[in-house]
**Q** 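Before I ask anything, let me first share the structure, which is written out below as structure tokens.
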Amino acid sequence: MSVAATFTGHGHAHDHIHPEPTGFVRKYLFSLDAKVIGIQYMLTGFLFFIISGLLAEVIRVQLLVPKGALLSNDAYNGVYSLHGSGMVWMVIIPLMTGGFGNYVMPLMIGARDVAFPWLNLIAFWMFPIAGVILFSSFLIGAPDAGWTEYPPISVQGPPGTTLWCVAIFLIGISSTLTGINFMVTIVKMRAPGMTFTRMPLFIWAQFATAALNMIATTALAAALLALFLERVFSIPFYDPARGGSPLLWQHMFWFYSHPAVYIMILPAFGIVSEIYPTFARKPIFGYKMIAFSSVAIALLGFMVWAHHMFTSGMAPWLQLPFMILTMVIAVPTGIKIFSWLATLWGGKIWFTSAMLFSLGFIATFTFGGVTGIFLSAVPVDLHEHGTYFVVAHIHYVLYGGSILGLFAGIYYWWPKMTGRMMNDRLGHWHFWLTFIAFNVTFMPMHWLGLLGMPRRVATYDPQFQFFNDVASIASFVLAGSTLLLIYNMLWSFRYGPKAGPNPWGARTLEWQISSPPPYYNFKTIPAVLKNPYNFGEPLPYIGLESMAGEDGHGPDPHAPVPVHA
Amino acid sequence: MAEASVPRRQGLGPWFWTVTSAMTVLNIAVGIFIVWFPIRILLPEAADPAGQIDDLFKFMSVVGNAIFTYVTGYLIYFSIVWRRRAADGPDAIGIQIHDNPKLETWWTVIPVILVAIIAVFSVRIWMELQNSLGDVLTMEAVGQQFKYEFRYPKLKESVYNEMHVPVGTPVTLHVTSIDVIHSFWVPEVRLKADMVPGLVQTLRFTPEVIGKYPIICTEFCGTNHSTMRATLYIDSQKDFGTWLAARFKEQGQGGGTIVLAQGVADDGRVLFGQKCSTCHSLGPFAQKIVGPGLGNLAHDPDHADLVTGKPPTPQNVEDILVNGYSGPIGVMPNRHANALSNSDISNLVAYLLSLHGK
């Protein structure tokens with residue numbers, strides 16, 4: 001206990017515990033508690049996930065027949081643009097950082113909250129506002145130029161494009177604030193003894209993501225501001241006839257949006273990196289290399305943006321460094337995948353729903369990574385760019401990567417967040433339906449693109465109908481499979497068995513306190529002796545008062561303190 | 001704690017080398033199939049770089065297939081062999097190893113080598129795409145909502161939505177746009193370039209297989225983006241000659257003259273950005289880039305006359321655009337070298353004479 005006693009002095013500033021607010025508004029709507037804000041992010045993000053997902057189904061209904069089954073060209077263009085914008089900015093990014101980051105990160109590093117709770121509250125409320133602005137653009141003419149909104153067409157686009165600018169600008173500010181908040185929290189508020197190399201890998205992933213959010217999002221904000229000014233005040237940033245450059249947007253946009261790909265995938269890497277050791281009952285293999293590769297990916301992510309622009313027009317010699325640096329990213333990504341496989345080797349693998357989604361993630365993400373290498377090679381990209389091959393690739397990394405990672409995270413931390421178990425058998429059904437329907441939906445899109453189907457079209461050539469129909473029908477199953485998740489959540493609230501503090505036998509800090517955790521997370525801040533992944537050893541925490549009381553509010557604070565759970 | 005219950009290392013596990021060998025055999029078999037498979041039966045290779053691009057695609061497919069097979073193979077195999085069995089208690093744990101520097105070095109070095117090989121192969125094909133092909137047909141494609149305009153150096157008027165090229169003659173195609181970003185893609189040629197307003201990009205290919213191929217827009221360009229198509233005709237030399245002769249004849253009879261009165265200054269402004277602004281500024285005469293500044297063309301106190309010594313009437317400006325200029329000021333190419341159609345010339349004249357300098 002002497003070690004803990006030494007550390008208590010350092011933790012003094014954080015030891016002041018505010019009383020929990022009791023009114024509904026202060027407790028649930030405008031709470032300063034990162035856990036409540038995290039759940040607010042998740043509920044809002046899940047709502048937008050359903051809206052954006054339904055838009056995807058409208059796309060697939062439209063493409064059932066070559067002439068287009070449902071919508072006019074203009075209506076269709078609005079639907080796919082908001083599907084993409086919604087999924088990227090209103091679903092994946094906020095859920096990865098604001099959702100899981102807020103809920104899990106402070107618990108995992110042994111903190112009572114994030115560094116700036118008020119900033120957190122402000123950042124959250126920008127999110128639903130941005131989402132409402134984005135989707136209300138349907139009322140006045142939705143943006144039609146896809147989630148990338150390349151000018152000059154986006155300058156001429158429907159009135160809703162201006163709302164799109166405002167909404168994305170707002171969510172961009174929200175992301176930047178969250179990035180700053182998380183960066184400070186992770187650097188300054190880790191429990192004593194939790195050195196950088198003792199941080200759980202989810203924290204490393206959030207750390208790299210926070211850096212990307214802080215730095216890259218500013219470029220997007222500048223580009224959006226310019227687009228807004230050109231649309232509203234006719235200031236020619238992008239109009240070539242008046243001295244502007246259409247490619248300026250593309251450089252600024254991708255300088256953000258390529259790192260944004262990693263903002264969307266690094267936290268998923270972090271989630272599965274927690275799940276593999278827990279359910280294989282093994283230390284994560286190659287801890288340092290996985291942590292290092294997250295940082296390497298984040299750094300390299302800033303140097304490859306123009307690989308989205310090989311056909312857009314740039315000095316030809318410039319294509320080479322962008323091509324080669326893009327291929328280099330395959331190396332740290334490969335290191336992660338091999339390390340995860342090695343974590344499974346020699347394990348005692350427990351196939352929970354969270355583990356199944358994490359295992360499926362390896363297969364689909366690897367496939368998306370491989371097609372990414374195809375696209376990085378300039379000569380091959382000259383054929384594949386702007387086709388359904390790219391649509392297939394982006395869905396393999398964003399659905400097969402980020403969304404499967406999010407599902408894994410939901411199943412994993414649900415008992416922690418609600419105190420109740422989900423139905424594991426139903427979770428298995430959810431996984432297999434999702435996994436199979438996902439692959440049948442998106443695999444044929446590779447062939448469609450290679451054989452000549454461009455993206456962002458409301459009608460297509462008759463010879464492509466078969467694969468489009470396969471994709472559409474599978475996508476209906478994919479949408480249906482999500483109902484199983486929703487049902488499972490409702491089931492869990494009503495019938496789910498009590499979870500207890502640590503139903504998975506996991507070793508990170510958040511599992512050592514009650515489920516759901518009390519308002520103040522930790523009664524005393526524990527000291528950390530090692531990284532958390534050594535199964536079969538005592539837990540590496542000292543001074544952790546067990547909060548494992550059945551009422552969820554912790555035991556008598558004067559009771560003796562157990563050293564190991 | 002029960003130290004004794006921690007399992008010891010026990011080799012790589014049952015069937016490890018059998019599974020590895022099976023995946024290797026599968027990869028070799030699939031690799032051979034990929035290399036053998038003639039992609040052109042699915043999508044013709046109609047012009048020169050298509051075959052090389054397909055070779056690179058095949059090479060990446062072989063490597064990609066191997067990576068994917070090993071990863072998913074081990075994933076499934078480990079999941080089966082190392083699953084928690086009924087006999088294991090809930091406290092059973094896996095083999096507690098943290099790393100293996102030798103293994104980690106290998107799985108860093110091998111991908112680095114693979115990436116290096118892929119990069120070298122890609123750069124080689126890329127370099128061949130940059131090569132100039134010598135004696136060529138040079139022409140232009142201009143995108144606009146929602147059609148393609150093709151300009152041949154010897155034709156006075158543009159041709160819309162059909163592009164004819166003779167088989168065997170290398171083509172250098174300059175692409176640009178007059179409104180928003182479009183794209184020029186012929187899947188059977190495997191090449192694509194975005195058509196960006198204010199920017200000219202170049203595609204080079206040598207047509208090889210006579211036939212009719214779609215030209216497809218792949219950058220969203222507005223309401224009718226989905227149906228923005230044109231047709232590429234790869235003709236025999238003879239058919240191409242016949243087609244071109246027919247266009248000459250048609251244009252000789254019809255609108256073969258330049259009608260200055262029809263010039264639209266706004267269209268001329270866009271054209272100026274594409275065709276003239278590399279050499280001419282919109283400043284005063286003295287503000288040279290290559291040629292003189294044209295901002296005061298009709299109202300310049302220091303240069304009341306044009307470089308030809310004639311007064312700045314529409315006809316005299318037209319004369320320079322049509323015939324070019326060669327003299328003490330420099331050299332400007334004629335309309336054929338600049339690929340200016342009759343309407344282009346009247347639009348440019350209208351625009352240039354509408355300028356009032358700065």
Side-chain angles (χ1 to χ4, degrees), chain A residues 73-74 145-146 150 152-153 240-241 246 280-283 285-287 289 311-313 316 320 323-324 327-328 330-331 334-335 337-338 341 344-350 359 362-363 366-367 370 373-374 377-380 382-383 385-387 451-452 454 456-459 534-538, chain B residues 1 6 42-43 53 56-57 60 64 67-68 71-72 74-75 78-79 82-84 88 92-96 98-99 104 107-108 111-112 115 118-119 122-123 125-126 129-130 180-181 183 187 190-194 196-199 201 216 218-227 269-270 273:
Chain A
N73 286 353
D74 285 331
Y150 281 7
I153 188 71
R281 294 290 189 254
K282 275 193 63 193
F285 189 93
Y287 170 92
M289 288 303 274
T311 69
S312 298
L320 294 181
M323 169 168 90
I324 291 165
M327 291 174 174
V328 168
V331 176
I335 289 172
I337 292 172
F338 302 143
L341 285 178
L344 299 179
W345 180 88
K348 291 282 181 195
I349 302 170
W350 179 10
L359 296 174
I362 292 190
T366 302
F367 198 90
V370 166
I373 302 178
F374 280 69
V378 178
V380 176
L382 291 183
H383 180 57
H385 178 86
T387 70
L451 293 177
R456 295 176 177 156
V457 288
T459 58
N534 303 302
F535 285 83
E537 287 183 16
Chain B
M1 286 301 295
V6 176
L42 294 178
L43 189 69
I53 289 173
L56 181 59
F57 180 83
M60 300 184 96
I67 295 170
F68 183 70
V71 168
T72 47
Y74 285 126
L75 178 69
F78 290 162
S79 297
W82 300 103
R83 72 188 184 279
R84 188 167 82 178
D88 299 319
I93 60 172
I95 300 167
Q96 302 295 302
H98 295 83
D99 52 13
E104 289 174 73
W107 74 38
T108 308
V112 167
V115 162
I118 292 173
S122 302
V123 171
I125 305 273
W126 178 88
L129 297 182
Q130 311 304 314
V180 299
I181 299 177
S183 189
R190 313 282 195 274
L191 285 183
K192 179 185 295 120
D194 286 1
V196 183
L199 182 78
Q201 295 209 74
I216 301 171
T218 62
E219 286 294 342
F220 178 80
C221 59
T223 305
N224 294 325
H225 162 63
S226 313
T227 46
R269 177 174 59 83
V270 176

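Each chain gets a letter, A, B and so on, in the order its sequence line appears, and its residues count up from 1.
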**Q** For each of A:Ala458, A:Ala330, A:Gly313, tally heavy-atom pairs with chain B at distances under 4.5 Å, and name the one with the top tally.
**A** A:Gly313

**Q** If you tally heavy-atom pairs under 4.5 Å against chain B, which of A:Ile362, A:Val378, A:Ile324, A:Val457 wins?
**A** A:Val457

**Q** Considering non-hydrogen atoms only, spot the tightest contact between A:Thr459 and B:Ser226 and give its length.
**A** OG1-CB, 3.4 Å

**Q** Determine the minimum heavy-atom distance between A:Leu344 and B:Trp82, stating which atoms define it.
**A** O-CB, 3.8 Å

**Q** Which one, A:Leu320, A:Val328, A:Ile373, A:Leu451, leads in non-hydrogen pairs under 4.5 Å with chain B?
**A** A:Leu320

**Q** Let me know if B:Val71 has heavy atoms under 4.5 Å from chain A in its side chain, its backbone, both or neither.
**A** both

**Q** Who among B:His98, B:His225, B:Arg83 has the most heavy-atom pairs with chain A under 4.5 Å?
**A** B:His98

**Q** My understanding is that only one of B:Val196, B:Val180, B:Asp194 makes a side chain to side chain contact (heavy atoms under 4.5 Å, CB included) with A:Pro246; could you say which?
**A** B:Val196

**Q** Quick check: closest heavy atoms across A:Pro379 and B:Trp126, and the distance to 0.1 Å?
**A** CG-N, 3.8 Å

**Q** Keeping B:Lys192 on the side-chain end and A:His385 on the backbone end, is there a donor-acceptor pair under 3.5 Å?
**A** yes

**Q** Kindly give the heavy-atom pair with the smallest separation between A:Met327 and B:Ser122, and that separation in Å.
**A** CE-OG, 3.5 Å

**Q** Between B:Met60, B:Arg84, B:Gln130, which shows the greatest number of heavy-atom pairs under 4.5 Å with chain A?
**A** B:Arg84

**Q** Of all of A:Gly146, A:Gly334, A:Pro240, A:Ala280, which one pairs up most often with chain B through heavy atoms under 4.5 Å apart?
**A** A:Pro240

**Q** So, taking the atom named CZ in A:Phe367 and the one named CZ in B:Phe68, what distance separates them when rounded to the nearest 0.5 Å?
**A** 6.0 Å

**Q** B:Ile181 versus chain A, heavy atoms under 4.5 Å apart: side chain, backbone, both or neither?
**A** both

**Q** Hey, is the main chain of A:Ser312 close enough, under 3.5 Å, to the side chain of B:Glu219 for a donor-acceptor pair?
**A** no

**Q** Would you please say whether a donor-acceptor pair under 3.5 Å links the side chains of B:Thr223 and A:Asn73?
**A** no

**Q** For the candidates A:Pro316, A:Pro454, A:Pro283, which exhibits the highest count of non-hydrogen atom pairs separated by less than 4.5 Å from chain B?
**A** A:Pro283

**Q** Has B:Gln96 got a side-chain atom pairing as donor or acceptor with A:Asn534's backbone, closer than 3.5 angstrom?
**A** no

**Q** Could you please spell out the steps behind the side chain to side chain contact (heavy atoms under 4.5 Å, CB included) verdict for B:Ile67 and A:Ile337?
**A** CA-CA 11 Å; B:Ile67 295 170; A:Ile337 292 172; over 6 Å; no

**Q** Quick check for you: among B:Asp88, B:Leu56, B:Ile216, B:Leu75, which has the greatest number of heavy-atom pairs under 4.5 Å with chain A?
**A** B:Leu75

**Q** Can you confirm whether or not the ring centre of A:Phe374 sits under 6.0 Å from the ring centre of B:Phe57?
**A** yes

**Q** Could you check which of B:Val115, B:Leu191, B:Thr72 has the highest count of heavy-atom pairs closer than 4.5 Å to chain A?
**A** B:Val115

**Q** Where do B:Ile95 and A:Lys282 come nearest, in terms of heavy atoms and distance?
**A** O-CE, 3.1 Å

**Q** Between A:Gly536 and B:Ile93, what is the shortest heavy-atom contact and its length?
**A** CA-CD1, 3.6 Å

**Q** Distance from B:Thr218 atom OG1 to A:His383 atom NE2, nearest 0.5 Å?
**A** 11.0 Å

**Q** Please step through side chain to side chain contact (heavy atoms under 4.5 Å, CB included) for the pair B:Gln201 and A:Thr311, ending with a clear verdict.
**A** CA-CA 9 Å; B:Gln201 295 209 74; A:Thr311 69; 5.7 Å; no

